[in-house]
**Q** 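Below is the structure I would like to discuss, written out as structure tokens.
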Amino acid sequence: MMLDYRRLSVRIGLPLATALLLLVLWQISAIAEYIPTRFAPAPTQILSQLVSMLGSASLWAAVGATLYAWGQALLIAVVLGTTVGLALGSSKHLSALFGPVIEFLKPIPSIAMIPLVIFTLGTGKSAEVFIAAYAALFQMLMSAISATRNIDPVARDTAAAYSLGYVARLRHLIIPSMLPQVMTGVRIASNTALIFCITAELLMGMEGLGSSLGSADSAGNLPVMYAYILVIGLVGFSLNTAFLAVQRRALSWHETYRNEVA
């Protein structure tokens with residue numbers, strides 16, 4: 001029997017079955033002491049700890065603080081990266097002027113800028129937002145540049161032949177052509193922003209999931225530490241799933257999603 005991977009039930013059921021199988025294997029390994037519990041508690045212990053944490057205000061405060069910084073960083077990266085990428089992808093002159101600068105800055109990790117950020121912005125949420133936005137910016141920038149340059153030249157020539165103005169070309173040609181690649185860039189930038197928000201919180205001690213994870217690690221409370229790791233994974237998975245749903249709805253006309261069935 002062939003599985004239809006376009007079906008929603010298959011796309012959801014297979015990952016859930018895989019996750020459940022891995023948890024069962026982990027639980028069996030913990031019971032048999034193949035995995036030392038002093039390094040990795042059993043899944044039942046971690047899940048029990050997580051359930052008890054769900055009623056704690058501190059958990060939701062940490063989630064809210066991280067998502068607040070993540071949202072700001074992603075918004076900055078999407079708006080700035082798409083705008084600048086559109087300009088650079090559309091103009092050979094701008095690309096020649098600023099391309100080398102971008103290629104120089106792109107490999108520099110945001111973490112390497114933490115000393116400079118602390119010196120200029122301190123250790124508040126603005127520093128966290130800057131670090132995460134800087135990391136996510138290049139994801140959006142490169143996606144927008146590539147999407148702009150990959151617009152069908154025949155479609156460009158057709159728009160020029162009909163003497164369409166820039167606004168009309170932007171609405172009917174540029175945005176629809178860029179949308180699939182840019183929306184994929186948004187999902188990648190979202191993950192990057194979340195990773196660097198948590199990393200900044202972990203290293204700089206500001207409020208959020210990262211600092212809560214670091215506190216549990218420092219106290220040697222492994223069940224709480226792994227529970228926070230699970231929460232971080234669930235937050236990232238939920239955000240990615242939400243963006244995928246928006247992408248499928250917005251690109252229902254695209255051939256990639258046109259034939260998907262429920």
**Q** Would you kindly confirm whether Phe130 and Ile76 end up in one hydrophobic cluster when ILVMFWY residues are joined by side chain heavy atoms under 4.5 Å apart?
**A**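 The answer is no; the residues belong to distinct hydrophobic clusters.
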
**Q** Enter the distance from Tyr228:OH to Leu202:CG here, rounded to the nearest 0.5 Å.
**A**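 Tyr228 OH to Leu202 CG: 13.0 Å, rounded to 0.5 Å.
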
**Q** A side-chain contact here means heavy atoms from C-beta on lying under 4.5 Å apart; do Leu80 and Met140 qualify?
**A** no

**Q** Determine whether a donor-acceptor pair (N or O, by modelled atom type, separation under 3.5 Å) exists between the side chain of Trp60 and the backbone of Gly55.
**A** no

**Q** Please name the pair of heavy atoms, one in Val235 and one in Leu67, separated by the smallest distance, quoted to 0.1 Å.
**A** CG1-CD2, 3.9 Å

**Q** Quick one: does Ser211's side chain have a donor or acceptor within less than 3.5 Å of a partner on Met206's backbone?
**A** yes

**Q** Less than 4.5 Å apart, any side-chain heavy atom of Val246 and any of Met183?
**A**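 Heavy-atom side-chain distance check passes, below 4.5 Å.
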
**Q** Are any of the side-chain heavy atoms of Leu16 and Leu20 separated by less than 4.5 Å?
**A**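 Not in contact.
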
**Q** Starting at CD of Gln181, measure out to OG1 of Thr148 and round the result to the nearest 0.5 Å.
**A** 8.5 Å

**Q** Transitively linked via ILVMFWY side-chain contacts under 4.5 Å: Val129 with Met204?
**A**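 Hydrophobic grouping puts Val129 apart from Met204.
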
**Q** Nearest 0.5 Å, what's the OG-CD1 distance between Ser126 and Ile131?
**A**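 Output value for this atom pair is 9.5 Å.
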
**Q** Between Gln27 and Ile31, is any pair of side-chain heavy atoms under 4.5 Å apart?
**A**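 Result yes, sub-4.5 Å side-chain heavy-atom pair found.
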
**Q** Give a yes or no answer on whether the side chain of Gln45 reaches the backbone of Pro223 with a donor-acceptor pair at less than 3.5 Å.
**A**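 The answer is no, because no donor-acceptor pair under 3.5 Å joins these two groups.
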
**Q** Quick check against the 3.5 Å criterion: does Ser52 have a side-chain atom that pairs as donor or acceptor with the backbone of Gln49?
**A**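 Yes, because the side chain of Ser52 sits within donor-acceptor range (under 3.5 Å) of the backbone of Gln49.
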
**Q** Indicate, with yes or no, if Leu234 and Val51 share a hydrophobic cluster defined by side-chain heavy-atom contacts under 4.5 Å among Ile, Leu, Val, Met, Phe, Trp and Tyr.
**A**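 Shared cluster, no.
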
**Q** Does some side-chain heavy atom of Leu59 sit less than 4.5 Å from a side-chain heavy atom of Leu54?
**A** yes

**Q** Identify whether Leu97 and Val101 are in the same connected component of the hydrophobic contact network (ILVMFWY, side-chain heavy atoms under 4.5 Å).
**A** yes

**Q** Testing the basics here: between Gly236 and Asn191, what is the closest heavy-atom pair and its distance to 0.1 Å?
**A** O-OD1, 4.3 Å

**Q** Taking all non-hydrogen atoms of both residues into account, name the closest pair between Ala132 and Ala193 and its distance.
**A** CB-O, 3.6 Å

**Q** How far apart are the C-alpha atoms of Trp70 and Leu239, what are their side-chain angles, what is the distance that settles it, and do they pass the side chain to side chain contact (heavy atoms under 4.5 Å, CB included) test?
**A** CA-CA 11 Å; Trp70 162 86; Leu239 292 173; 3.6 Å; yes

**Q** Could you state the interatomic distance from CG (Leu179) to CD (Gln247), rounded to the nearest 0.5 Å?
**A** 8.5 Å

**Q** Checking the side chain of Thr66 only, and the main-chain atoms of Leu209 only, is there a donor and an acceptor separated by less than 3.5 Å?
**A** yes

**Q** Between Leu222 and Pro41, which heavy-atom pair has the shortest distance, and what is it?
**A**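 Nearest heavy atoms, Leu222 then Pro41: CB-CG, 3.8 Å.
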
**Q** Starting at CD1 of Ile145, measure out to CG of Leu86 and round the result to the nearest 0.5 Å.
**A**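 Here the rounded value is 10.0 Å.
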
**Q** Hydrophobic cluster membership, with links at side-chain heavy-atom distances under 4.5 Å among I/L/V/M/F/W/Y: are Leu21 and Phe237 in one?
**A**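 No; tracing contacts between hydrophobic side chains, which count when under 4.5 Å, never links both residues.
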
**Q** How long is the span from the OG1 atom in Thr241 to the CZ atom in Arg187, to the nearest 0.5 Å?
**A** 9.5 Å

**Q** Measure from the side-chain N and O atoms of Ser146 to the backbone N and O of Met142, and report whether any donor-acceptor pair falls under 3.5 Å.
**A**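 No: the side chain of Ser146 does not pair with the backbone of Met142.
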
**Q** Does any part of the side chain of Thr82, heavy atoms only, come nearer than 4.5 Å to the side chain of Val186, both counted from C-beta?
**A**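 Heavy-atom side-chain distance check fails, nothing below 4.5 Å.
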
**Q** Assign the ring pair Tyr134 / Phe138 to parallel, tilted or perpendicular, where the plane angle (0 to 90°) is split at 30° and 60°.
**A** perpendicular

**Q** Please check: side-chain N/O of Ser48 versus main-chain N/O of Thr44, any donor-acceptor pairing under 3.5 Å?
**A** no

**Q** Determine whether Leu88 and Ile102 make a side-chain contact, defined as any pair of heavy atoms from C-beta on separated by less than 4.5 Å.
**A** yes

**Q** Under the side-chain hydrogen bond (donor to acceptor under 3.5 Å, both in side chains) test against Lys125, which residue among Glu207, Gln72, Glu201 passes?
**A** Glu201

